[in-house]
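Counting starts at 1 for both ligands and their atoms, following the listed order.
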Amino acid sequence: MVFRDDALTGKAILVTGGGGGLGREIAQALSALGAQVYICGRRQALLTEAAEAISAQTGGRVVPHACDIRDADAVDVMIAEIWRDTPLTGLVNNAAANFISPTKDLSARGFRAITSTVMDGSFHATLSCGKRWINQGIKGSVVSNLVTWVWTGSAFVVPSAMAKSALHAMTMSLAAEWGPYGIRLNATAPGPFPTPEAWEKLNPLPDTKSSATSCDTIPMRRFGEIPELTNLVAFLLSDACAFLTGQTIAIDGGQHLAAPSTFADLTILTDDQWRAAREAIEASTSRSKAAQNGDNPA
Ligand code: HXC
């Protein structure tokens with residue numbers, strides 16, 4: 001542990017998509033540093049299990065809220081409920097949807113499945129917190145979990161690249177607009193930090209890997225380790241950097257500076273390979289949905 005274990009004592013922080021993947025790891029790290037943590041996501045059972053497990057591990061209070069952040073009204077109801085419990089001091093925009101696909105094969109619904117969660121959902125949560133912080137004079141802090149494609153774009157994940165770039169713009173824009181209120185907005189741009197659910201959607205074919213999800217192109221020759229990312233998020237939410245705002249900080253072992261760290265190299269895939277990739281992604285999505293409904297998929 002590189003921080004004092006009370007580094008975030010007195011903070012109350014919401015992590016969107018906090019029931020699984022990187023969001024859960026971030027929630028656990030913030031709780032271990034003394035923050036009161038709220039997690040939200042679409043899957044109630046997953047959230048409840050995560051909240052109990054994190055609490056048991058850290059001894060902190062972790063409160064789950066089932067909420068689809070794509071719905072602005074639902075977000076505002078959740079934030080109001082959290083505020084009645086404790087006014088938030090921080091927000092982590094972590095919830096994300098993504099899968100690789102040729103853009104020509106995307107439907108409007110496929111595009112919205114990604115952008116409505118990443119861009120709209122993060123904006124709804126940021127606005128709902130920001131209004132309250134401004135009205136109540138709270139110097140809140142927002143950290144959005146982005147990608148290095150905000151600087152380069154990326155083939156085959158175009159809705160994600162567009163939505164994450166929009167949040168990069170939001171981070172810079174609101175840092176200026178809300179700076180006078182003492183509200184800070186920053187973002188992380190991780191390279192590959194593999195988690196099972198995300199990797200099933202980004203690496204669906206076992207023998208075909210893109211440089212975006214490979215460590216061969218990373219100067220440090222390894223994937224990121226999750227505490228390295230959670231340490232950065234904790235630092236950005238802490239009072240250690242009260243003058244730091246409007247920044248998107250890459251944490252990728254130098255990958256985007258040294259080599260293409262996008263999915264552009266997948267232009268070599270054949271139509272048959274893309275069909276197989278889509279089938280694998282859809283099977284992964286079905287498994288997640290079955291788990292969400294408590295079913296036992298055959
Ligand atoms: C084309 C596809 C598709 C595919 C789904 N769709 N998969 N289109 N290719 N492979 C289309 C469907 O056909 C449908 O459109 C539309 O998308 C919505 O499908 P649903 O299954 O109803 O969507 P939904 O359940 O809302 O969301 C599915 C999901 C989501 C987007 C896959 O479950 C998801 O992203 N889960 C993963 C969460 C996750 O791991 N997040 C972390 C991302 S990591 P039609 O028109 O047919 O109805 C990240 C950073 C990566 O973003 C950094 C790497 C370095």
Side-chain angles (χ1 to χ4, degrees), residues 16-26 41-43 46 68-71 93-122 144-152 154-165 167-168 187-205 209-215 217-218 223-224 229 250-253 255-256 259-266 269 271 273-293:
T16 68
L22 290 179
R24 179 172 172 157
E25 302 283 354
I26 291 168
R42 284 187 289 173
R43 293 175 272 180
L46 189 75
D68 185 339
I69 60 165
R70 297 177 294 188
D71 177 343
N93 287 318
N94 165 77
N98 204 0
F99 53 78
I100 56 167
S101 170
T103 306
K104 68 179 176 55
D105 296 340
L106 288 175
S107 65
R109 264 173 47 83
F111 175 76
R112 291 301 294 161
I114 295 169
T115 58
S116 61
T117 300
V118 176
M119 183 179 80
D120 301 15
S122 301
S144 300
N145 202 18
L146 306 183
V147 280
T148 56
W149 314 321
V150 301
W151 297 297
T152 59
S154 175
F156 302 112
V157 283
V158 168
S160 170
M162 291 170 68
K164 298 268 190 187
S165 299
L167 295 180
H168 174 57
T188 53
F193 282 78
T195 59
E197 196 177 352
W199 252 234
E200 281 177 10
K201 310 285 192 299
L202 299 173
N203 272 326
L205 301 177
K209 223 194 275 167
S210 153
S211 56
T213 52
S214 152
C215 60
T217 54
I218 299 177
F223 289 131
L229 177 62
I251 175 161
D252 68 346
Q255 187 187 32
H256 79 288
S261 53
T262 72
F263 288 94
D265 46 2
L266 295 187
L269 294 199
D271 286 349
Q273 284 175 304
W274 275 117
R275 258 189 297 279
R278 181 167 183 156
E279 278 165 20
I281 291 166
E282 287 174 346
S284 159
T285 306
S286 298
R287 282 195 299 279
S288 304
K289 286 184 181 171
Q292 177 177 351
N293 297 330

request  = Could you walk me through whether Asp252 and Thr148 pass side chain to side chain donor-acceptor pair (under 3.5 Å), step by step?
outcome  = CA-CA 8 Å; Asp252 68 346; Thr148 56; 4.8 Å; no
task = Examine the proximity of ligand 1 to Arg70 and report which part, side chain or backbone, both or neither, has a heavy atom under 4.0 Å away.
result = side chain
inquiry  = Please list the nearest protein heavy atom to atom 9 (N) of ligand 1 with its residue and the distance rounded to 0.1 Å.
reply    = Phe99 CE1, 3.5 Å
query = Which residue owns the protein heavy atom closest to atom 12 (C) of ligand 1, what's the atom, and how far is it?
reply = Arg278 NH2, 4.4 Å
remark   = Among non-hydrogen protein atoms, atom 49 (C) of ligand 1 lies closest to Asn98 ND2, 3.7 Å
ask   = Hey, is Gly21 one of the residues with a heavy atom under 4.0 angstrom from ligand 1?
value = no
ask   = With distance as the sole test, does Thr188 use its side chain to make a donor-acceptor pair with the main-chain N or O of Pro190 at under 3.5 Å?
value = no
remark   = In ligand 1, the atoms that come under 4.0 Å of a heavy atom of Gly110 are 11 (C), 15 (O), 16 (C), 17 (O)
inquiry  = Less than 4.0 Å is my threshold; does some heavy atom of Arg112 fall inside it relative to ligand 1?
reply    = no
task = Indicate yes or no for a side-chain donor-acceptor contact from Ser144 to the backbone of Ala187 under 3.5 Å, with no hydrogens or angles considered.
result = no
task = Could you please spell out the steps behind the side-chain contact (heavy atoms from CB on, under 4.5 Å) verdict for Arg70 and Asp120?
result = CA-CA 6 Å; Arg70 297 177 294 188; Asp120 301 15; 5.9 Å; no
query = Which residue holds the protein heavy atom closest to atom 51 (C) of ligand 1, what is that atom called, and what is the gap in Å?
reply = Leu202 CD1, 3.6 Å
inquiry  = Has Trp149 got a side-chain atom pairing as donor or acceptor with Ser261's backbone, closer than 3.5 angstrom?
reply    = yes
remark   = If you scan protein heavy atoms around atom 39 (C) of ligand 1, the nearest is Ala96 O, 3.6 Å
inquiry  = Please state which option from Ser261, Ser107, Ala189 has its nearest heavy atom closest to atom 15 (O) of ligand 1.
reply    = Ser107
key: Min heavy-atom dist Thr213 to ligand 1 below 4.0 Å   = no
key: Carboxylate-amine/guanidinium contact Glu282 Arg278, below 4.0 Å   = yes
key: Min N/O separation Lys289 to ligand 1 under 3.5 Å   = yes
key: Minimum-distance protein heavy atom relative to atom 30 (C) of ligand 1   = Ala97 CB, 4.2 Å
ask   = Any side-chain donor paired with an acceptor under 3.5 Å for Asp265 and Ser211?
value = yes
task = May I ask you to test the Ile281-Ile100 pair for a side-chain heavy-atom distance under 4.5 Å?
result = yes
request  = Examine the proximity of ligand 1 to Val118 and report which part, side chain or backbone, both or neither, has a heavy atom under 4.0 Å away.
outcome  = neither
query = Just which atoms of ligand 1 are under 4.0 Å from any heavy atom in Ala198?
reply = 40 (O), 42 (C), 44 (S)
ask   = Going by the order shown, which atoms of ligand 1 are within less than 4.0 Å of some heavy atom of Val147?
value = 50 (C), 53 (C)
message = Under a 4.0 angstrom heavy-atom cut-off, which atoms of ligand 1 come close to Ser101?
response = 1 (C), 9 (N)
task = Please write down residue, atom name and distance for the protein heavy atom closest to atom 27 (O) of ligand 1.
result = Ala113 CB, 4.3 Å
request  = Check each atom of ligand 1 against the heavy atoms of Ile281 and keep those under 4.0 Å away; list them by number with element.
outcome  = 10 (N)
Chi angles and distances behind the side-chain contact (heavy atoms from CB on, under 4.5 Å) call for Leu269, Leu205 = CA-CA 11 Å; Leu269 294 199; Leu205 301 177; 4.3 Å; yes
inquiry  = Is it the case that the side chain of Ser210 and the backbone of Thr262 share a donor-acceptor pair, with hydrogens and angles ignored and the cut-off at 3.5 Å?
reply    = yes
query = Going by an N to O cut-off under 4.0 Å, is there a salt bridge joining Arg24 and Glu197?
reply = no
request  = Please state which part of Ala212 comes within less than 4.0 Å of ligand 1, counting heavy atoms only: side chain, backbone, both or neither.
outcome  = backbone
message = Quick check: closest heavy atoms across Leu46 and Gly19, and the distance to 0.1 Å?
response = CG-O, 3.5 Å
query = What is the ring orientation for Trp151 with His256, classed by angle as parallel under 30°, tilted 30 to 60°, or perpendicular over 60°?
reply = parallel
query = Nearest protein heavy-atom contact for atom 19 (O) of ligand 1: which residue, which atom, what distance?
reply = Arg109 NH2, 4.3 Å
